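What follows is one structure encoded as structure tokens, with my remarks underneath.
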2 protein chains.
Amino acid sequence: MAYVSSVEGVMSKTRKEMIAETRAKLLAAGRHAFAEQGYAEASMDDFTASAGLTRGALYHHFGGKTGLFEAVAMQIDDEITERLDALASRAASPWEALVESCVAYVQMALEPEVQRIMFRDGPAVLGDPSSWPNASACIAFVTGQVEACRAAGVLSDVDPEAAARLLNGATSDAAQWIANAKNPEGVSAKAVAALRAMLDGLRRAD
Amino acid sequence: MAYVSSVEGVMSKTRKEMIAETRAKLLAAGRHAFAEQGYAEASMDDFTASAGLTRGALYHHFGGKTGLFEAVAMQIDDEITERLDALASRAASPWEALVESCVAYVQMALEPEVQRIMFRDGPAVLGDPSSWPNASACIAFVTGQVEACRAAGVLSDVDPEAAARLLNGATSDAAQWIANAKNPEGVSAKAVAALRAMLDGLRRAD
DNA sequence: GTAGGGACATACATTGCGTATGTCAATTGG
DNA sequence: CCAATTGACATACGCAATGTATGTCCCTAC
């Protein structure tokens, strides 16, 4: 048993692992390059080489530059959703979950990687986020929270997805604003305060 | 006086007119191409040729592809501001002016040209709109309206620019959503209703 | 064990941008 | 009225980057 024979089981798994590994390497390299230099300026030759590969591998696995970018965006979107989910599950009420999710969303959108890939280059490369392959998991997540709030009776009769959309736009735009401000802390405080006020507008007046 | 001598006055004006005309032709051709094909896919050779010119003229007047795009974006931004201004000046109150401006903004953002250039490609090419050369005149305009509302006492104590930013993000995102929806009319109604609700959140509870 | 297919690299063609250079008309100064 | 110069614009060139077509090698399957 000094070596493994290519009987099938073991080797095939190793093989699949190798493939998954190169996919992951490409994904990571692309993600880094897209975040650092932006989509247009990122050279496929450069960042595939930095992963010890060539464009051949990229075209094989992702079909092209756009395909890789799409995969990266989906990965980030999933991560955001997961983080929001973890946060919301610790909230006392649906309403609080929604509010805290929105605030957290602003914070996440401040991260340069998220900002650049999801909010700046994303729409230009992939089109409207709502038409992305996974339909923007994080928007769907917020929509769910709005629905929960409505079910709990704390929301006025607005369309859940419409509310989620508006919130998404408001928060991501606020994040852009904060990120490019001279004093991000002060601006952030203002933005969050205004955001809470707007959210209150959605709450049922009782 | 059968012909005009190049004494200066008349001829120099004609000359300037010619120059202004080619500038305008480039601007129009670029605007059309950017709107139709997007920034990245628009070929300078193609659309300058469609204006009866070459890239030489473009580089001379605008410094490059980015420069022309910037000029186009500023032009559109000015047009939007002007339209909002005309609309707001007919409103009965500052609050109504703000609300109607936001609703109108959604409508404008639905126009394919505005959508593509200002909301999709704009941020990717020029960066965050708030850092654009003219600092996004339309955001400044809305900020002014929010300030007027605050002065009139109908707004709670939110930061004017923060509110304007959130509104801008919410409306433009809503527009994106509407534009890509199957039934734009229905979605538009939902979005506007939710927008009004959010706006109410900013209004001082009295 | 050999035939086949998939994973990836290499080679090539195309396209598009940016810059350097050239040309011609118009302005300016005498 | 003429010559020199400036500026508007076109042409020519080089480079970089993408997409595709082809090749090679190793694993898998029969």
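Just so it is clear, the model here is predicted, and its values are computed rather than measured.
- Note: NZ (A/Lys16) to C1' (C/dC8) measures 19 Å, nearest angstrom.
- Rounded to whole angstrom, the span from the CG atom of A/Leu58 across to the P atom of C/dA7 amounts to 14 Å.
- Residue A/Met18 contributes atom CE, which lies 13 Å from atom C1' of D/dC25 at whole-angstrom precision.
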Summary of protein contacts for nucleotides 13-20 of chain C, nucleotide by nucleotide, where a base hit scores B, a sugar-phosphate-only hit scores S (4.0 Å, heavy atoms): ----BBB-
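- Side-chain nitrogen and oxygen atoms of A/Thr54 include none within less than 4.0 Å of the OP1 or OP2 phosphate oxygen of C/dT10.
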side-chain hydrogen bond (donor to acceptor under 3.5 Å, both in side chains) evaluation trace for A/Arg31 with A/Gln75: CA-CA 9 Å; A/Arg31 180 168 171 165; A/Gln75 190 183 43; 3.0 Å; yes
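- Candidate nucleotides D/dA10, C/dA7, C/dA9 were compared by shortest atom distance to the side chain of A/Ala57, and C/dA9 ranks first.
- Computed from coordinates, the A/His61 NE2 to C/dA7 C1' distance equals 6 Å when rounded to whole Å.
- Atom P of nucleotide D/dA17 and atom CG of A/Leu68 are separated by 16 Å, given to the nearest angstrom.
- With A/Lys65 contributing its side chain and A/Ala42 its backbone, the two residues share a donor-acceptor pair below 3.5 Å.
- Distance check: B/Leu58 CG to B/Leu27 CG gives 10.0 Å after rounding to the nearest 0.5 Å.
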Review item, side-chain donor-acceptor pairs of residues 99-106 of chain A, under 3.5 Å, at least two apart:
residue  : atom : partner  : partner atom : Å
A/Ser101 : OG   : A/Ala97  : O            : 2.8
A/Ser101 : OG   : A/Gln145 : OE1          : 3.1
A/Ser101 : OG   : A/Gln145 : NE2          : 3.0
A/Tyr105 : OH   : A/Asn168 : OD1          : 2.7

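- How far CH2 of B/Trp177 is from OG of B/Ser188: 9.5 Å, rounded to the nearest 0.5 Å.
- Using a 4.0 Å cut-off between a side-chain N of Lys or Arg and a carboxylate O of Asp or Glu, A/Arg165 and A/Asp128 qualify as a salt bridge.
- Computed from coordinates, the A/Ile19 CD1 to C/dG6 C1' distance equals 8 Å when rounded to whole Å.
- Distance CD (B/Glu17) to C1' (C/dA26): 15 Å, rounded to an integer number of Å.
- In this structure, the side chains of B/Leu166 and A/Asp173 stay at 4.5 Å or more apart for every pair of heavy atoms.
- In this model, the phosphate group of C/dC8 is not approached by any side-chain N or O of A/His60 to a distance below 4.0 Å at OP1 or OP2.
- Atom pair B/Lys25:NZ and D/dA8:P shows a separation of 15 Å (rounding to whole Å applied).
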